[in-house]
Amino acid sequence: MVKVTVLGSAGSPPGNGRACASYLVSAGDHHLLLDCGNGSVANLMDAVDPAALDGVLISHLHPDHFVDLYGLHYALRFQPDGGKKVDVYAPAGARELLTAVLLGDTADSFVKHLPMHVAAAGERYELGPFAVELFAANHPIETLASRITVDG
């Protein structure tokens, strides 16, 4: 059975009690995070241990869809049993954009715990039990829509 949990659905600014775009797709003990907008990691942590994620897919590089990756990094870095890593799939330029604001060795830690992979329309991934297909979406910047299936 596949379950979708809305972790955030607010537009560009978060609302009172509403985080920005983020959705958790779950199948048994497997979890895929779609976008990671402002405030969403707190809601993620109420639903599942971030270390249990099979991957993260960022649709596009507007902050309301990715900015809580910073919080996710720290949640993974400071796991009680040592740091964990979760692969992130995002449009080109994500790694450079996300690490540009980090100081000292934090940029190295960020990509150690959240290895970044360039994703593009037309690609397919197997992330745990999730088959992910990416499509171009109509938006002012490169944006990826996804189709996710489990067991066909």
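All of these numbers come straight from a predicted model, not from anything done at the bench.
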For the hydrophobic clusters of this structure (ILVMFWY residues joined by side-chain heavy atoms under 4.5 Å, transitively), does one cluster hold both [X] and [Y]?
| X | Y | value |
| --- | --- | --- |
| Y74 | V101 | no |
| V86 | V132 | no |
| L61 | Y23 | no |
| F110 | F66 | yes |
| L44 | L32 | no |

Distance only, no hydrogens: is a donor on one side chain within 3.5 Å (strictly under) of an acceptor on the other, for [X] and [Y]?
| X | Y | answer |
| --- | --- | --- |
| D35 | S59 | yes |
| D54 | H31 | no |
| S109 | H73 | yes |

Is there a donor-acceptor pair under 3.5 Å between the side chain of [X] and the backbone N or O of [Y]?
| X | Y | value |
| --- | --- | --- |
| H113 | K84 | yes |
| T99 | R95 | yes |
| R124 | L134 | no |
| E123 | A120 | yes |
| D68 | G39 | yes |

Where [X] and [Y] come nearest, the two heavy atoms and their spacing:
| X | Y | answer |
| --- | --- | --- |
| E142 | A92 | OE1-N, 4.1 Å |
| E126 | A131 | OE2-CB, 3.7 Å |
| A52 | V48 | CB-CG2, 3.8 Å |
| L97 | Y70 | O-OH, 4.1 Å |
| F130 | V25 | CZ-O, 3.5 Å |
| A19 | S40 | CB-N, 3.6 Å |

If you measure from [atom1] on [X] to [atom2] on [Y], what distance do you get to the nearest 0.5 Å?
| X | Y | atom1 | atom2 | value |
| --- | --- | --- | --- | --- |
| K85 | L76 | NZ | CG | 11.0 Å |
| L53 | L72 | CG | CG | 6.5 Å |
| C36 | L57 | SG | CG | 11.5 Å |
| L33 | L127 | CG | CG | 11.5 Å |
| I141 | H65 | CD1 | NE2 | 8.5 Å |

Does a side-chain heavy-atom distance below 4.5 Å link [X] with [Y]?
| X | Y | result |
| --- | --- | --- |
| L34 | V56 | no |
| V88 | L98 | no |
| S9 | R18 | yes |
| L7 | V41 | no |
| L24 | S26 | yes |

Who passes side chain to side chain contact (heavy atoms under 4.5 Å, CB included) against [X], sequence neighbours left out?
| X | result |
| --- | --- |
| A75 | M45, P50 |
| A136 | A121 |
| N38 | P14, C20, D64, V67 |

Stepwise side-chain contact (heavy atoms from CB on, under 4.5 Å) check, I148 with E133: CA-CA 7 Å; I148 299 161; E133 293 179 82; over 6 Å; no
Using a 6.0 Å cut-off, check whether atom CG of D46 has over 12 heavy atoms from anything other than its own residue.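 It does: D46 CG has more than 12 such atoms within range.
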Would one find more than 12 heavy atoms of other residues, nucleotides or ligands at under 6.0 Å from atom CG of N138? no
For Y89 and Y125, take the angle between the two ring planes, folded into 0 to 90°, and tell me which bin it lands in: parallel under 30, tilted 30 to 60, perpendicular over 60.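 Plane angle between 30° and 60°, so tilted.
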